[in-house]
There are 2 protein chains.
Amino acid sequence: MSTGRKPRAKKAALVWERPEPDRRPAPAPLSREGIVQAAIELADKEGLDSVSLRKVGAALDAGPMRLYGYVATKEELLGLMVDEVYGEMISEGRIRGDWRKALRALAHRMRRAAREHPWFIDLLGGRPHLGPNSLAHLEASLAALSDTPGFEDIDAVMLAVMTVNAYVIGAIRTEVSELRAELQSGRNKAEWQTATGPYLQRMIATGDFPTLDKVLRDATHPSLDIVFDKGLECVLDGIAARLLR
Amino acid sequence: MSTGRKPRAKKAALVWERPEPDRRPAPAPLSREGIVQAAIELADKEGLDSVSLRKVGAALDAGPMRLYGYVATKEELLGLMVDEVYGEMISEGRIRGDWRKALRALAHRMRRAAREHPWFIDLLGGRPHLGPNSLAHLEASLAALSDTPGFEDIDAVMLAVMTVNAYVIGAIRTEVSELRAELQSGRNKAEWQTATGPYLQRMIATGDFPTLDKVLRDATHPSLDIVFDKGLECVLDGIAARLLR
DNA sequence: GTATTTGTCGATACAGTGTATCGGCGAAGG
DNA sequence: CCTTCGCCGATACACTGTATCGACAAATAC
């Protein structure tokens, strides 16, 4: 095509109108580590939905496309975030003690991590985690067990770790969902109960949920920590029972 | 403002250019149930990401905003989808048998539902589920236990149900993630293994993951069904152990 | 030294998303 | 028949992830 196209619209013809050669704030070092850090900070502060390539880029004085040099896709960035949290879990130190202590420690580490990064549990299980820290975490888990007596069989080790892991993930997921519900509709637990209370009471008043009614009326409602630990001990008991068989 | 604004640009002045009075394909009955059904069909077929208000609307010959009469937000639609699946689970019939049979049945129902609707597990735990079917499912679970001997204490019932639920959710989540990984990168399990294999082998060759190495080499790798059931029995054993104490 | 090639980088563009807004239309009321 | 009201849904907006490709800088060739 020969129709003379203008060189570029944005550049004013006169120097006086061009402010400066577009002042680069810095060569913008930028690194995968830095990007992941910024993304995590954003997710912690504003929630996972706020992690967009634009916002992460902006936090680093860069445009969205700049990140694509370090990450092929947003999925990959999320994967790196997950691996980073695994890294934090590992850095808490070696797991020691008998198998029960070890599994308990692993469970609590994960729970703590999920509390500090509420988005973590949402990302878990999206895709398998093959990052170095994930692998290291898995290795640490398996190693902690395979050293202890009663776990000579590698299949038993695998079963124990996977079962506890499944419980932990499910339990944390439920917890986080409850916490979010509280945080969302107002501020404290009381407000949430008064918000959903009427609806629930109306439902229960139908008489279709007698057992649920009994639970809400008679059951002691322990703190989340206690519920988590009780369930965990339950699972551990199950593993113990299988060991002796 | 008095500047004569044009009546409407889209309407051609001549009748011949206006095709028809915009032929309504039908008064478009439209109902919450229908919308949810369409959304579920879409999610089953094309994945959860494809569930957009526009596409759901299109499936019902309606614009996006039409749906907002039946649903205040997309979140609400997703909530309805979840409740619908709970409904399917309930409709499989009453839970019967001793507590172990009952819990096993509940677990397998959920797993089956998650297989038919792979998006289900992703939505679980986002927010608490207070829909009628969710409540009915919970009621059925609690009722199935509170009838059986050994579960007079309502707290014990709650603990057992919640623990099994946590395990099931976590286990299914892990499973689905593995399945997705296989389906994604090619077609069958072999292809996936040859895709990620080299990377894993290189990682293991570093010698940093000896136990993981042993697992990959020595462990029998049972089918997903067997793994799930073994873990489940493990948890059930734990509950049994607590019952006798 | 200049001319040409090359390769990278990021602004722009695009096809989507969820949802707020408000003009136009049908129905109700005088 | 005219007016008024309410509601519905087309349009618009702000935002997303990412493909594209022109412009610039460094490297190479002469």
Side-chain angles (χ1 to χ4, degrees), chain A residues 1 3-11 18 20-32 35 38-39 42-43 46-81 119 123 126-127, chain B residues 1-12 18-32 35 39 42-43 46-81 119 123 126-127:
Chain A
M1 201 64 64
T3 68
R5 70 162 87 88
K6 49 190 173 183
R8 190 149 247 222
K10 72 171 178 181
K11 279 197 181 174
R18 264 174 288 147
E20 280 262 339
D22 233 20
R23 169 179 288 288
R24 310 252 166 135
L30 215 58
S31 70
R32 217 175 261 186
I35 294 174
L42 233 161
E46 319 248 1
L48 190 55
D49 296 332
S50 299
V51 176
S52 73
L53 295 184
R54 279 162 167 83
K55 289 191 190 140
V56 173
L60 296 153
D61 282 318
M65 293 317 282
R66 189 84 187 283
L67 306 183
Y68 277 85
Y70 303 81
V71 147
T73 206
K74 189 189 179 182
E75 284 275 306
E76 284 193 4
L77 174 57
L78 298 179
L80 288 176
M81 291 168 66
W119 45 269
L123 258 32
R127 308 229 164 284
Chain B
M1 206 58 63
S2 57
T3 70
R5 72 163 82 86
K6 48 189 173 184
R8 190 147 248 224
K10 71 170 180 182
K11 278 197 181 175
R18 264 175 288 150
E20 280 262 340
D22 231 19
R23 169 181 286 288
R24 311 255 167 134
L30 217 57
S31 69
R32 216 174 262 187
I35 293 174
L42 233 161
E46 319 247 1
L48 189 55
D49 297 333
S50 299
V51 176
S52 74
L53 295 183
R54 281 164 166 82
K55 288 192 190 139
V56 173
L60 296 152
D61 282 318
M65 294 315 284
R66 188 87 188 281
L67 306 183
Y68 277 85
Y70 302 82
V71 146
T73 208
K74 190 189 179 182
E75 283 276 305
E76 283 193 6
L77 174 57
L78 298 179
L80 288 175
M81 290 168 67
W119 44 269
L123 257 33
R127 309 228 164 286

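Order of the sequence lines sets the chain letters (A, B, ...), proteins ahead of strands, with each chain counted from 1.
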- Task: Taking all non-hydrogen atoms of both residues into account, name the closest pair between Tyr68(A) and Leu53(A) and its distance.
- Result: OH-CD1, 3.1 Å
- Inter-residue atom distance Trp119(A).CH2 - Leu42(A).CG, 0.5 Å rounding: 11.0 Å
- Taking CD from Glu76(B) and C1' from dT19(C), how many angstroms apart are they, rounded to a whole number? 13 Å
- Which residue pairs pass the salt bridge (charged side-chain N to carboxylate O under 4.0 Å, His left out) test with at least one member in residues 68-79 of chain A, sequence neighbours excluded? Glu75(A)-Arg127(A)
- Task: Can you run down the salt bridge (charged side-chain N to carboxylate O under 4.0 Å, His left out) pairs that involve residues 48-59 of chain A, sequence neighbours left out, and say none if there aren't any?
- Result: none
- Query: Considering the terminal five base pairs at each end of the helix from dG1(C)-dC30(D) to dG30(C)-dC1(D), what angle separates the two local helix axes, rounded to 10°?
  - Reply: 30°
- Query: Residues two or more places apart in sequence or in another chain: which of them pass side-chain contact (heavy atoms from CB on, under 4.5 Å) with Leu80(B)?
  - Reply: Arg32(B), Val36(B), Val71(B)
- Note on the structure: For Ile35(A), the side-chain contact (heavy atoms from CB on, under 4.5 Å) test, sequence neighbours excluded, returns Leu30(A), Val56(A), Leu60(A), Leu67(A), Tyr70(A), Leu77(A)
Give every pair of a protein N or O atom and an N or O atom of nucleotides 15-18 of chain D that lie under 3.5 Å apart, one pair per line with the distance.
| residue | atom | partner | partner atom | Å |
| --- | --- | --- | --- | --- |
| dT16(D) | OP1 | Ser52(A) | OG | 2.9 |
| dG17(D) | OP1 | Leu53(A) | N | 3.4 |
| dG17(D) | OP1 | Lys74(A) | NZ | 3.0 |
| dG17(D) | OP2 | Leu53(A) | N | 3.0 |
| dG17(D) | N7 | Arg54(A) | NH1 | 2.5 |
| dG17(D) | O6 | Arg54(A) | NH2 | 3.0 |
| dT18(D) | OP1 | Thr73(A) | OG1 | 2.8 |
| dT18(D) | OP2 | Tyr68(A) | OH | 2.7 |
| dT18(D) | OP2 | Lys74(A) | N | 3.0 |
| dT18(D) | O5' | Tyr68(A) | OH | 3.0 |

- Which whole-number value in Å describes the distance from Leu67(A) CG to dA19(D) C1'? 16 Å
